Amino acid sequence: MKRLCVIGDPVEHSKSPVIQTAMIRAAGLDMSYDAQWVTAGYTKAWLEYAKREGWAGFNATMPHKQALVKLVDELSDDAARIGAVNTVCIREGKAYGHNTDGAGFLRALRLAGMDPQDRCVLVLGAGGAAKAVVYALLRAGARKVVVANRTVKHAGALCSQLGIPGAMACGFSRETLYRWAAQSQLLINCTSLGMTGTDSQFEDLSFLDGLPRETGVFDLIYSPARTALLERAEQLGLNTANGLDMLIWQGVYALELFADKRLDETALAAEARKALEGML
Ligand code: NAP
């Protein structure tokens with residue numbers, strides 16, 4: 001049996017064991033999946049241990065995604081560009097690092113009817129998730145991606161590190177957000193504002209009033225299912241989606257990497273969604 005897990009600190013909150021176990025069972029794969037608490041600074045020690053003990057692979061959440069970039073034996077193009085690894089496959093003692101966040105986001109975005117091709121996209125936030133999102137948007141043919149962030153230099157660093165033309169950085173003031181919202185056909189929230197467990201909320205959501213009527217609004221947050229941002233966007237009659245499908249699809253793509261074959265993706269995504277019902 002292939003042993004798999006998610007590593008992180010904290011890791012108790014991770015939904016990966018629930019999602020992956022449901023999908024493994026549905027696909028009839030000979031695999032087990034659990035959560036392993038690995039603290040910051042122990043990424044290298046964990047990887048050596050996992051290789052030695054015959055683990056088949058693992059997913060990584062905070063604080064290991066960046067550290068793994070330098071530790072794996074081979075890195076996929078997506079993981080190298082994004083600068084983060086969320087999936088590691090171990091085969092014959094070698095660790096292969098991948099990133100499925102960008103592909104998972106894109107699948108979820110398209111399922112919500114929000115194709116980014118030739119669109120001008122306003123991305124709020126410039127953290128780890130934003131990097132995968134901006135990369136995926138540019139790869140999918142977005143015309144321009146404006147990255148608005150409280151700390152402007154984080155947005156600037158994100159745009160330059162990706163090394164793909166088409167992204168630009170700006171600040172997070174009401175005026176700036178309103179100005180760019182009015183020129184966008186897609187808005188993606190990659191900040192943690194409104195997430196369950198934080199007290200931080202958008203102070204002012206009036207920038208949403210500037211969005212053209214056909215704009216799609218996608219919030220990476222899935223708990224709560226409807227953030228204040230999504231509620232306001234819905235009231236304005238805009239197409240909205242939360243981050244649940246992104247969570248599910250990054251997991252589907254990770255399982256295909258672990259299994260080293262294509263699986264019935266749609267059926268597995270449905271299984272994962274069913275397993276998460278009532279948990280968020
Ligand atoms: P992160 O690296 O910590 O980045 C957080 C971002 O939020 C930064 O841009 C930060 O700005 C901004 N921010 C935090 N507090 C703020 C405030 N009070 N005002 C304005 N901006 C603020 O986190 P992450 O890993 O990118 O995750 C971001 C969100 O995406 C989280 O809610 C996470 O749950 C969600 N997420 C969802 C999925 C999914 O599968 N659906 C996957 C990954 C992440 P500064 O740079 O100024 O600090």
Side-chain angles (χ1 to χ4, degrees), residues 6 8-11 13-16 18-20 40 59-67 78 82-87 99-109 111-112 114 122-136 145-159 161-162 167 169-174 176-177 187-205 207 217-230 240-255 269 272-273 276 279-280:
V6 56
D9 182 19
V11 77
H13 71 287
S14 172
K15 299 290 173 275
S16 291
V18 173
I19 294 176
Q20 294 294 349
N59 289 120
T61 182
M62 269 188 27
H64 303 293
K65 287 184 173 189
Q66 276 87 24
D78 283 4
I82 295 167
V85 167
N86 79 332
T87 304
N99 190 306
T100 65
D101 285 334
F105 160 73
L106 205 55
R107 183 76 172 249
L109 193 69
L111 282 171
M114 303 179 195
L122 176 57
V123 170
L124 309 179
K131 205 161 178 193
V133 162
V134 175
Y135 169 75
V145 180
V146 178
V147 184
N149 198 46
R150 175 179 62 176
T151 313
V152 188
K153 71 169 189 236
H154 292 168
L158 184 158
C159 295
Q161 279 163 18
L162 277 177
C170 72
F172 210 70
S173 70
R174 197 196 84 86
T176 306
L177 294 182
L187 174 86
I188 318 288
N189 178 39
C190 301
T191 73
S192 44
L193 292 170
M195 185 175 73
T196 300
T198 72
D199 291 333
S200 314
Q201 292 285 348
F202 282 91
E203 281 168 20
D204 182 355
L205 284 166
F207 66 92
V217 177
F218 190 104
D219 197 328
L220 260 62
I221 294 171
Y222 49 82
S223 177
R226 281 165 84 239
T227 56
L229 177 103
L230 289 186
T240 62
N242 71 17
L244 185 62
D245 266 355
M246 173 178 173
L247 173 75
I248 289 171
W249 282 96
Q250 62 76 30
V252 171
Y253 294 136
L255 186 59
R273 199 168 296 113
L276 285 171
M279 289 193 69
L280 301 168

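We count residues from 1, following the sequence as given. All values reported here derive from a predicted model rather than from experimental measurement. Note that ligands are numbered from 1 as they come in the structure, with each ligand's atoms numbered from 1 the same way.
- Ligand 1 has an N or O atom lying under 3.5 Å from an N or O atom of T151, backbone or side chain.
- Here Y222 has side-chain heavy atoms under 4.0 Å from ligand 1, and that is the only part of it that gets that close.
- Atom 42 (C) of ligand 1 has M246 CE, 3.8 Å as its closest protein atom, hydrogens excluded (heavy atom only).
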N/O donor to acceptor pairs below 3.5 angstrom from side-chain atoms of residues 146-157, sequence neighbours left out:
from: N149; atom 1: OD1; to: A126; atom 2: N; distance (Å): 3.2
from: N149; atom 1: ND2; to: T151; atom 2: O; distance (Å): 3.0

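- Contacts with ligand 1 closer than 4.0 Å are made by heavy atoms of both the backbone and the side chain of T191.
- When hydrogens are left out, the protein atom nearest atom 14 (C) of ligand 1 is S192 OG, 3.5 Å; that is the closest non-hydrogen contact.
- Residues I221 and L229 form no side-chain contact, since every pair of their non-hydrogen atoms from C-beta on lies 4.5 Å or further apart.
- For ligand 1 and H154, the ligand atoms under 4.0 Å from any heavy atom of the residue are 45 (P), 46 (O).
- Residue contact check: G125 has heavy atoms under 4.0 Å from atoms 9 (O) of ligand 1.
- In this structure, OG in S173 is found 10.5 Å from CG in D204, a value given to the nearest 0.5 Å.
- Close to ligand 1: L193, with a non-hydrogen atom less than 4.0 angstrom away.
- When distances from atom 23 (O) of ligand 1 to the protein are checked, no heavy atom turns up under 4.0 Å.
- For atom 9 (O) of ligand 1, a protein heavy-atom neighbour is found at a distance under 4.0 Å.
- The nearest heavy-atom contact from the protein to atom 11 (O) of ligand 1 is N149 OD1, 3.2 Å.
- Given atom 21 (N) of ligand 1, the protein heavy atom at minimum distance is R150 CB, 3.8 Å.
- Contacts with ligand 1 closer than 4.0 Å are made by no heavy atom of L244, backbone or side chain.
- Looking only at protein heavy atoms, the nearest one to atom 44 (C) of ligand 1 is A129 CB, 3.6 Å.
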Could you give me the CA-CA distance, side-chain angles and deciding distance for L220 and V133, then say whether side chain to side chain contact (heavy atoms under 4.5 Å, CB included) is met?
CA-CA 10 Å; L220 260 62; V133 162; 4.0 Å; yes
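- At the shortest separation from atom 1 (P) of ligand 1 among protein heavy atoms lies G127 CA, 4.0 Å.
- Residue-ligand proximity, G128 to ligand 1, at heavy-atom distances under 4.0 Å covers atoms 2 (O), 26 (O).
- One N or O on the side chain of N59 and one on the backbone of N86 form a donor-acceptor pair closer than 3.5 Å.
- The side-chain heavy atoms of Y222 and L276, taken from C-beta on, include no pair separated by under 4.5 Å.
- Q161 and K131 get closest at one heavy-atom pair: OE1-NZ, 2.9 Å.
- Here the protein heavy atom with the shortest distance to atom 28 (C) of ligand 1 is C190 O, 3.2 Å.
- For residues 245-255, every residue pair satisfying the salt bridge (charged side-chain N to carboxylate O under 4.0 Å, His left out) rule, not counting sequence neighbours, is listed here: D245-R273.
- Close approach of ligand 1 to A126 is summarised as follows: ligand atoms under 4.0 Å from at least one heavy atom of the residue are 9 (O).
- Note that the CG atom of L122 and the CZ atom of F207 stand 7.0 Å from one another [nearest 0.5 Å].
- In summary, the atoms of ligand 1 found under 4.0 Å from a heavy atom of F172, numbered by their order in the structure, are 20 (C).
- The backbone N or O of H13 lies less than 3.5 Å from a partner atom in the side chain of K15, making a donor-acceptor pair.
- Scanning the protein for heavy atoms near atom 33 (C) of ligand 1, the closest one is M195 SD, 4.0 Å.
- When heavy-atom distances to ligand 1 are checked against a 4.0 Å cut-off, L220 comes that close through both its backbone and its side chain.
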Could you go through the side chain to side chain contact (heavy atoms under 4.5 Å, CB included) check for R226 and N242 one step at a time?
CA-CA 7 Å; R226 281 165 84 239; N242 71 17; 5.9 Å; no
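- Residues V252 and R107 are not in side-chain contact: their nearest non-hydrogen atoms beyond the backbone lie 4.5 Å or more apart.
- With hydrogens and angles disregarded, no donor-acceptor distance shorter than 3.5 Å links the side chain of T191 to the backbone of L124.
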